[in-house]
Amino acid sequence: MAIRVFNTLGRRLEEFRTLEPGLVKMYVCGPTVQDVAHLGHARTYVAFDAIIRFLEYYGYKVYYVRNITDVGHIREDTLEDRIVEGARREGVQPMELVDKYMFSFFQDMDALGVRRPNIQPRASMHILDMIEMIKVLLEKGHAYVVDGTVYFDVSTFPDYGKLSGIKPEELEKHRIEPDPRKRNPADFALWKKAEKGYLLKWPSPWGEGFPGWHIECSVMSMKYLGEQLDIHGGGQELILPHHENEIAQSEAYTGRKPFVRYWLHTGYLTINGEKMSKSLGNFISIKDALKKYDADSIRLFILSAHYRSPIDYSDEALLQATQNIERIRGALDELYSLIQESGDGGGGEAEREVMDARKRFVEAMENDFNTPEALSAIYSLVRSANNYMTSRSRHSRDALKMYYDAILELSRALGLLQDYAPGRYRVEGEAGRILDILLEVRGELRRRGIYEISDRIRSKLAEIGIIVEDTRTGVKVRFRRHSR
RNA sequence: GCCCGGGUGGCCGAGCGGUUAGGCGGCGGGCUGCAGACCCGCUCUACAGGGGUUCAAAUCCCCUCCCGGGCUCCA
């Protein structure tokens, strides 16, 4: 079997084959660092993170580049760079704003357990490369200059529209009046002339200005990955115009097709059924979400839907994800403590169940990274393990270990439970020692049958988010992160 | 207006021509001092509506309705 991926280019499932055996060259469009990252970013980057982790689990080496857009992303309505706009909003220098939100983004990605890219190139550090590429496009007749601004000439690229399915003439419908000096309404800026006093600008053969938005991704992906890439990803909203334009300028520049073998796009995230936007007041940052739910809950929520499907963020959905991740953790905890006191014996049933689950997991992921299906393989393993533990009085260490290892292995192949460490509970410092004393006293009360007081301790602790459970292998403590 | 996606049982969410998805919830039972966790069983006559193709359709075709998105900044 092999991996099959849904390629936006052609809109069909294709067998995944890399340019170089064993190596995946991958580029995902990063954020424009103008503000704090939101759940939409989380959705896209976590989804791609699971894909990357699975590819690595599958045996590929993945060379991953994700850019930082810190210049050139212009609003078509106000014709203003979003970085400049944000800088004015906060009363700081543009590059001050960029630093602030770029590092904030890095923090968020780390907090979500997203594997760091091999390179995170910044647009502003590649201006010279962009100028070189634009020069070549002009030489080859694919671009023209109008008063200090350079446009890509779409009419010289017959393939224009192959990704999004749009025809250049369909782009004639505009809500915003295009520059009348453009030859074709679909033509897009490679370089833009800067007005006097503009903060983000660089010298160029066409005068002072700044790059268009799309050119950065062509330049940076080709610089670090070569003229052809295996995977290029991003959110669905980038298909047109961003990725369409990237294809046009890249293939016109190199003369090689395809620029990208597989285009992958993630679906949207809505909040309680509505599109997330600042104007609707339902904008949720990654930092805010992490205050309420832990990273594994958020990741499980995202992976519970296929990466191309739309997902809706709601407290109910996150609560369900939290329950599910706790179910997996609970089984691991239980397995771990039983392993310590179990005897010899073969794997038995466990061996076959683990093999089955692993097979189902891999097949699900091979099928366009079907994470919901892959998760169900993990759940069935959890159920089998729990069943094994509750249905008999003696356990084989081998069987327990097989379950334990497989559950953790498959979870981590999706990036789940990266920080998981078995153990009853861990509370740092004095609070932890006080909790120990409290639980010891409670245990003694229970032994003496003074349940009224032992139960009161339990319910009081529950009120502050410490869940105490009495299991066959001892007292178990869980913590409830989310506020109710 | 044009172009993409979608509409699956109480909820979330796979499946995309014939075999149980899975999870959550609910009900019953087991375990437990109780609770929780966990296990077992059950539950829900599922596939937006209407036509058609087929031996067979949630899955393919046509029409209609509804939702989201792109053509404008967005992951």
Side-chain angles (χ1 to χ4, degrees), chain A residues 8 11 28-32 34-35 37-48 66 69 73-78 80-82 85 161 164-167 169-176 178 185-186 213 233-242 244 265-270 273-278 300-301 304-306 308-312 314 316-317 319-324 326-327 330-331 333-334 360 364 367 370-380 382-391 446 449-452 454-455 458-459 462 467-472 476 478:
Chain A
T8 305
R11 292 180 202 282
V28 171
C29 283
T32 300
Q34 52 176 325
D35 204 341
H38 54 67
L39 285 172
H41 296 106
R43 198 271 156 97
T44 292
Y45 301 128
V46 166
F48 281 115
R66 186 182 61 210
T69 297
H73 200 162
I74 298 149
R75 292 182 77 109
E76 293 296 325
D77 49 358
T78 57
E80 183 158 51
D81 188 311
R82 299 182 73 82
E85 185 187 69
S164 60
I166 203 167
K167 297 178 191 73
E169 53 270 28
E170 285 169 2
L171 286 169
E172 284 174 24
K173 194 128 192 146
H174 285 270
R175 286 184 232 170
I176 290 155
W213 173 37
Q236 263 172 17
E237 75 284 354
L238 296 179
I239 295 171
L240 187 73
H242 189 54
E244 194 71 69
H265 292 98
T266 52
Y268 294 95
L269 178 136
T270 52
E274 287 182 313
K275 180 178 178 169
M276 178 169 57
S277 75
K278 286 199 162 168
L300 188 63
F301 158 69
S304 292
H306 187 264
R308 283 189 282 117
S309 301
I311 51 173
D312 187 47
S314 65
E316 202 188 342
L319 233 42
Q320 202 181 111
T322 303
Q323 275 183 53
N324 281 326
E326 282 186 358
R327 180 175 154 79
D333 283 349
E334 206 62 16
R360 275 217 287 140
N367 183 21
N370 192 330
T371 52
E373 191 86 34
L375 286 170
S376 86
I378 296 177
Y379 294 140
S380 77
V382 167
R383 180 174 294 281
S384 300
N386 282 330
N387 190 344
Y388 177 72
M389 290 189 286
T390 50
S391 67
R446 289 185 65 226
I450 309 174
Y451 296 119
E452 191 201 323
S454 68
D455 288 353
R458 183 173 62 194
S459 64
I467 315 297
V468 177
E469 292 167 354
D470 301 302
T471 72
R472 49 195 284 151
K476 184 172 165 179
R478 290 187 293 129

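Proteins come first, then strands; the chains are lettered A, B, ... in the order of their sequence lines, and each starts at number 1. All values below come from the heavy atoms of this structure, side chains included, with hydrogens, waters and symmetry mates left out. Since the structure is predicted, the reported quantities are computational estimates derived from the model, not experimental observations.
Using C1' as the reference atom, rA14(B) and rG9(B) are 14 Å apart when rounded to the nearest Å. The gap from the P atom of rG30(B) to that of rG49(B) amounts to 41 Å, rounded to the nearest Å. One P atom belongs to rC61(B), the other to rG6(B), and the distance between them is 12 Å to the nearest Å. Of the C1' atoms belonging to rC34(B) and rG23(B), the separation is 28 Å, rounded to the nearest Å. Atom P of rC66(B) sits at a distance of 16 Å from the matching atom of rA48(B), rounded to the whole Å.
Using a 4.0 Å heavy-atom cutoff across all strands shown, E316(A) reaches sugar-phosphate atoms only and no base atom. Within the 4.0 angstrom heavy-atom criterion, only backbone atoms of the sugar-phosphate kind lie near S304(A); the bases stay farther away. G233(A) comes within contact range of no nucleotide atom at all, as no heavy-atom separation falls under 4.0 Å. No contact: L39(A) has no heavy atom under 4.0 Å from any strand. Looking at heavy-atom distances under 4.0 Å, G40(A) makes contact with a base. Residue-level contact check: H265(A) touches neither bases nor backbone, having no heavy atom under 4.0 Å from any strand. Within 4.0 Å (heavy atoms only), Y45(A) reaches sugar-phosphate atoms of the nucleic acid but no base atom. Note on S314(A): nothing from the nucleic acid sits closer than 4.0 angstrom, heavy atoms only.
Counting only heavy atoms from C-beta outward, the side chains of Y268(A) and E237(A) approach each other to under 4.5 Å. Side-chain contact between Y45(A) and R66(A) is present, with at least one heavy-atom pair separated by less than 4.5 Å. Contact annotation: the side chain of R82(A) never approaches that of T69(A) to less than 4.5 Å [non-hydrogen atoms, C-beta and beyond].
Using the Watson-Crick or G-U wobble rule with both distances under 3.5 Å, rC55(B) pairs with rG18(B). Within the shown strands, rU64(B) is the pairing partner of rA48(B) under the Watson-Crick or G-U definition, both distances less than 3.5 Å. The partner of rA37(B) is absent, by the rule that a Watson-Crick or G-U pair needs both atom distances under 3.5 Å. Pairing partner, rU72(B): none, since no Watson-Crick or wobble contact has both distances short of 3.5 Å. Using the Watson-Crick or G-U wobble rule with both distances under 3.5 Å, rC31(B) pairs with nothing in any strand shown. Nucleotide rU43(B) forms a Watson-Crick or G-U wobble pair with rG25(B), both donor-acceptor distances falling under 3.5 Å.
Taking 4.0 angstrom as the limit, R360(A) places none of its side-chain polar atoms (N or O) nearer than this to OP1 or OP2 of rA14(B). Using a 4.0 Å cut-off, some side-chain N or O of Q323(A) falls inside it from OP1 or OP2 of rG25(B). Taking side-chain N and O atoms only, S309(A) has a distance below 4.0 Å to OP1 or OP2 of rA14(B). Note on N386(A): a side-chain N or O is less than 4.0 Å away from OP1 or OP2 of rC39(B).
If you take CD of Q320(A) and C1' of rG22(B), they are 11 Å apart, rounded to a whole angstrom. The OH-P distance, from Y379(A) to rG13(B), rounds to 13 Å in whole Å.
Here Y451(A) counts as stacked on rG33(B): its ring centre is under 5.5 angstrom from the base ring centre and the planes meet at under 30°.
Counting non-hydrogen atoms of neighbouring residues, nucleotides and ligands closer than 6.0 angstrom, the CD atom of E316(A) reaches no more than 12 such neighbours.
For E237(A) against rG69(B), no side-chain N or O and base N or O form a donor-acceptor pair under 3.5 Å. Residue R446(A) places a side-chain atom within donor-acceptor reach of the base of rG33(B), judged by atom type and a 3.5 Å distance cut-off alone. You'll find a donor-acceptor pair under 3.5 Å spanning the side chain of R458(A) and the base of rA35(B), going by distance alone. Judged by distance alone with a 3.5 Å cut-off, a donor-acceptor contact links the side chain of D470(A) to the base of rC34(B). Side chain N370(A) to base rG15(B): no donor-acceptor pair is found below 3.5 Å.
The side chain of E469(A) lies closest to rA35(B) when the candidates are rG69(B), rA35(B), rC73(B). Nearest to the side chain of C29(A), among rA75(B), rC24(B), rA14(B), sits rA75(B). The nucleotide whose nearest atom lies closest to any side-chain atom of A305(A) is, among rG33(B), rA14(B), rA75(B), rA14(B). For L240(A), the listed nucleotide lying nearest its side chain is rC71(B); candidates were rA21(B), rC71(B), rC39(B). Among the nucleotides rC40(B), rC38(B), rG33(B), the one closest to any side-chain atom of S454(A) is rG33(B). Closest to the side chain of T390(A), out of rA75(B), rC38(B), rA21(B), is rC38(B).
Nearest approach of P372(A) to S304(A), heavy atoms of both residues: CG-O, 3.4 Å. Nearest heavy atom pair, residue R327(A) against residue Y379(A), reads NH2-O, 4.4 Å.
The residue among T44(A) and I239(A) whose nearest nucleotide of RNA chain B is located toward the 5' end is I239(A). Residues L375(A) and R383(A) both approach RNA chain B. Their nearest nucleotides, taken by heavy-atom distance, put L375(A) toward the 5′ side.
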Apply the test side chain to side chain contact (heavy atoms under 4.5 Å, CB included) to residues L269(A) and F301(A): give CA-CA distance (whole Å), side-chain angles for both, the deciding distance (0.1 Å), then the verdict.
-> CA-CA 11 Å; L269(A) 178 136; F301(A) 158 69; 4.3 Å; yes

